[in-house]
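One structure is given below, encoded as structure tokens.
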Amino acid sequence: LATCEILAERVEALGEGVKPLLVLPMYSQLPSDLQAKIFEASDNGARKIIVSTNIAETSLTVDGILYVIDSGFFKLKVFNPKIGMDALQLTPVSQASAKQRSGRAGRTGPGTCFRLFTENCFNRELLPTNIPEIQRTNLAHVILLLKSMGVDDVASFHFMDPPPEDNIANSMYQLWMLGALDNDGCLTSLGRKMVEFPVEPQLSKMLIFAEDKHCTDEIVTIVAMLSVPEVFYRPKEREQESDKARERFCVPESDHLTLLNVYKQWKRHDCKASWCNDHFLHVKALRKAREIRAQLIDILKTQKVVLKSVGSAWDPVRQVICSAYFCNAAGLKGVGQYVNVLSGTPAALHPSSSLCGLGFTPNYVVYHELVLTSKEYMRTVTSVDAEWLAELGPVFFSLHNTSASDQSSADLRQDQRSELGTVDGHSGGAKPSPGLREKGVGGLKRFRPVARGQGLGTVQFGSKFKTGKKKKRFGL
């Protein structure tokens with residue numbers, strides 16, 4: 001969008017005598033009605049310029065494109081196993097991607113591709129192909145599948161593109177934390193249930209644990225909404241209007257419950273696309289979530305799990321979320337600033353989070369994922385009580401007595417929460433929590449966190465991912 005604005009300003013600065021330009025953005029989260037404009041004929045003979053992400057390499061073809069300008073870069077999503085964070089890193093394209101981009105020019109006639117890098121750079125510094133996804137993503141679900149197929153020694157498994165050992169070790173540790181693996185690295189009964197669901201292990205555990213809390217209906221909806229791209233969109237020229245529409249769905253304690261509220265409201269309005277457009281929601285994402293929800297319900301039925309609802313009493317739902325994401329627990333450090341309780345990784349509430357408008361900052365939260373953009377932001381956050389962390393993650397957390405001053409502060413926050421009113425019959429905010437203390441993992445020699453350090457660095461010309469020093473293969 002910034003590039004589109006710069007182009008429009010440059011053309012306007014040239015003055016009269018320049019033919020009109022129609023500058024259009026193109027990216028995956030763009031609403032479908034705006035995406036359709038790139039395929040429509042321009043009016044008054046205006047020249048069409050499409051500023052696109054790498055979605056234009058293979059996902060779509062626009063007729064009549066004569067010129068392509070290849071910057072030589074794209075944003076690559078890379079998972080850092082040391083701190084469990086996804087980062088969008090500006091990365092040079094591969095030779096295969098550069099050839100694919102040049103093929104966009106002249107699909108229906110002669111065309112030209114201008115590359116903003118030298119031929120020597122193309123031949124000597126660009127990688128032949130893109131970095132395989134298995135080498136830059138979380139492998140927890142992959143390892144869970146391999147374990148279910150009887151592959152005990154995952155480190156010796158012959159991958160086509162072997163992932164870094166750090167990824168394997170940390171994914172194994174993550175599965176052990178969730179209870180899917182035992183101390184010897186073997187699949188547990190819980191792990192065998194989790195492998196039946198085609199979602200991330202944390203989401204699988206949520207679905208299983210929801211049966212004990214009698215809130216499977218709410219959890220299956222939340223899991224479906226977490227399995228699709230962002231449902232909200234924020235047009236550049238209508239930012240305030242879209243923010244007000246989003247506030248109508250916000251549940252102060254939880255972004256997860258906000259997604260649940262969105263889906264319920266959409267169903268209540270007969271799943272109309274017009275209603276989604278009025279409230280700045282992606283109707284395609286909601287329809288996809290509905291399909292995923294139906295598939296998950298079918299799997300639950302095969303496991304003889306009955307759908308139950310807790311109505312407006314949403315504390316059990318937050319407890320289920322905490323049971324799967326207690327390893328992503330963060331404690332309050334400053335105004336809007338949090339630190340991961342286990343790893344010490346700094347994190348911040350995203351400005352779009354429902355908790356930003358809560359009126360006070362919860363002591364402890366759990367987040368779905370940590371994403372690095374301009375800074376480390378927690379995405380999809382839910383406030384939790386310290387008692388829940390100590391109950392659901394007893395190996396890592398324990399409670400200690402709260403001092404009188406801390407208790408008075410907690411009482412004050414409770415008074416502030418009571419003034420917030422209710423949302424859909426549910427009181428805003430979490431209960432005051434006693435202090436929380438991280439407890440060391442004693443005696444677990446076979447499973448230990450890999451030593452903290454620098455993760456995968458930014459890929460530069462002529463460089464590749466490094467696996468780092470070999471770690472001790474525990475439980476592999």
Side-chain angles (χ1 to χ4, degrees), residues 1-12 18-78 86-117 130 133 228-239 241-242 273 276-277 279-289 352 371 373-374 379:
L1 295 177
T3 305
C4 295
E5 293 177 354
I6 293 174
L7 287 174
E9 292 175 358
R10 295 286 177 87
V11 172
E12 185 178 354
V18 179
K19 293 183 178 181
L21 293 179
L22 179 61
V23 184
L24 301 173
M26 183 61 195
Y27 52 94
S28 59
Q29 295 301 307
L30 193 68
S32 55
D33 57 333
L34 299 180
Q35 290 183 5
K37 289 185 178 180
I38 70 171
F39 300 102
E40 299 174 356
S42 57
D43 299 330
N44 303 324
R47 170 173 284 186
K48 187 188 299 182
I49 297 179
I50 301 173
V51 181
S52 175
T53 61
N54 57 337
I55 189 177
E57 286 184 19
T58 56
S59 300
L60 56 90
T61 300
V62 182
D63 293 334
I65 297 295
L66 299 180
Y67 303 99
V68 169
I69 300 177
D70 183 5
S71 64
F73 290 91
F74 75 111
K75 286 188 176 181
L76 183 68
K77 188 175 182 180
V78 177
D86 287 310
L88 285 175
Q89 298 183 350
L90 190 63
T91 308
V93 299
S94 64
Q95 295 179 3
S97 294
K99 293 176 182 178
Q100 190 71 31
R101 292 183 178 189
S102 64
R104 301 295 98 187
R107 299 284 292 181
T108 57
T112 306
C113 176
F114 297 94
R115 290 174 174 164
L116 304 184
F117 48 91
N130 289 331
E133 186 175 3
V228 298
E230 177 68 38
V231 295
F232 295 100
Y233 70 91
R234 195 168 182 257
K236 187 73 174 177
E237 64 280 359
R238 302 175 66 185
E239 293 177 347
E241 189 178 352
S242 62
C276 292
N277 294 331
H279 293 82
F280 300 92
L281 298 171
H282 287 290
V283 64
K284 286 186 176 180
L286 287 171
R287 288 172 179 170
K288 184 65 176 178
S352 63
V371 179
T373 52
S374 57
R379 288 190 57 186

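Heavy atoms only: backbone and side chains are in, while hydrogens, waters and symmetry mates are out. Worth saying up front: this structure is predicted, and the values here are computed from it rather than measured.
- A distance of 11.0 Å separates CG in Leu22 from CD1 in Ile38, rounded to the nearest 0.5 Å.
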Task: Intermediate values then yes/no, side-chain contact (heavy atoms from CB on, under 4.5 Å), Arg101 and Ser52 - done: CA-CA 11 Å; Arg101 292 183 178 189; Ser52 175; over 6 Å; no
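- In this structure, Glu57 contributes its side chain and Gln100 its backbone to no donor-acceptor pair below 3.5 Å.
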- [ ] Take Leu286 and Leu281 through the test side-chain contact (heavy atoms from CB on, under 4.5 Å) and record every step on the way to the result.
- [x] CA-CA 8 Å; Leu286 287 171; Leu281 298 171; 4.3 Å; yes
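- Between Lys48 and Lys37, the shortest heavy-atom contact is NZ-O, 4.1 Å.
- The neighbour count for Glu230 CD, taken as heavy atoms of other residues, nucleotides or ligands under 6.0 Å away, is above 12.
- Here the closest non-hydrogen pair linking Phe117 and Gly72 is CE2-CA, 3.5 Å.
- When all heavy atoms of Arg104 and Ala56 are compared, the closest pair comes out as CD-O, 2.9 Å.
- When the shell of 6.0 Å around CD of Glu12 is examined, it contains 12 or fewer heavy atoms from other residues, nucleotides or ligands.
- One finds the NE2 atom of His279 at 10.5 Å from the CD atom of Glu241 (value rounded to the nearest 0.5 Å).
- Taking the side chain as every heavy atom from C-beta outward, His282 and Lys288 never approach each other to under 4.5 Å.
- With rounding to the nearest 0.5 angstrom, the SG atom of Cys276 is 13.0 Å from the NZ atom of Lys284.
- Across Pro110 and Leu66, no two heavy atoms sit closer than the pair O-CD2, 3.5 Å.
- Nearest heavy-atom pair, Ser242 versus Tyr233, reported as atom, atom and distance to 0.1 Å: CB-O, 4.0 Å.
- In terms of heavy-atom proximity, Ala273 sits nearest to Arg287 at CB-NH2, 3.9 Å.
- Between Asp70 and Ser102 the shortest side-chain heavy-atom distance does not fall below 4.5 Å.
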TODO: Let me see the working for Ser97 and Asn54 under side-chain contact (heavy atoms from CB on, under 4.5 Å), right down to the final yes or no.
DONE: CA-CA 9 Å; Ser97 294; Asn54 57 337; over 6 Å; no
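- Heavy-atom contacts from other residues, nucleotides or ligands closer than 6.0 Å to CZ of Phe39 number more than 12.
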TODO: Would you sort out whether Thr91 and Phe73 count as a side-chain contact (heavy atoms from CB on, under 4.5 Å), showing the intermediate values?
DONE: CA-CA 5 Å; Thr91 308; Phe73 290 91; over 6 Å; no
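- Put simply, CG on Asn130 and OG on Ser94 are 3.5 Å apart, with the number rounded to the nearest 0.5 Å.
- Distance check, rounded to the nearest 0.5 Å: CD1 of Ile50 to CE of Met26 gives 8.5 Å.
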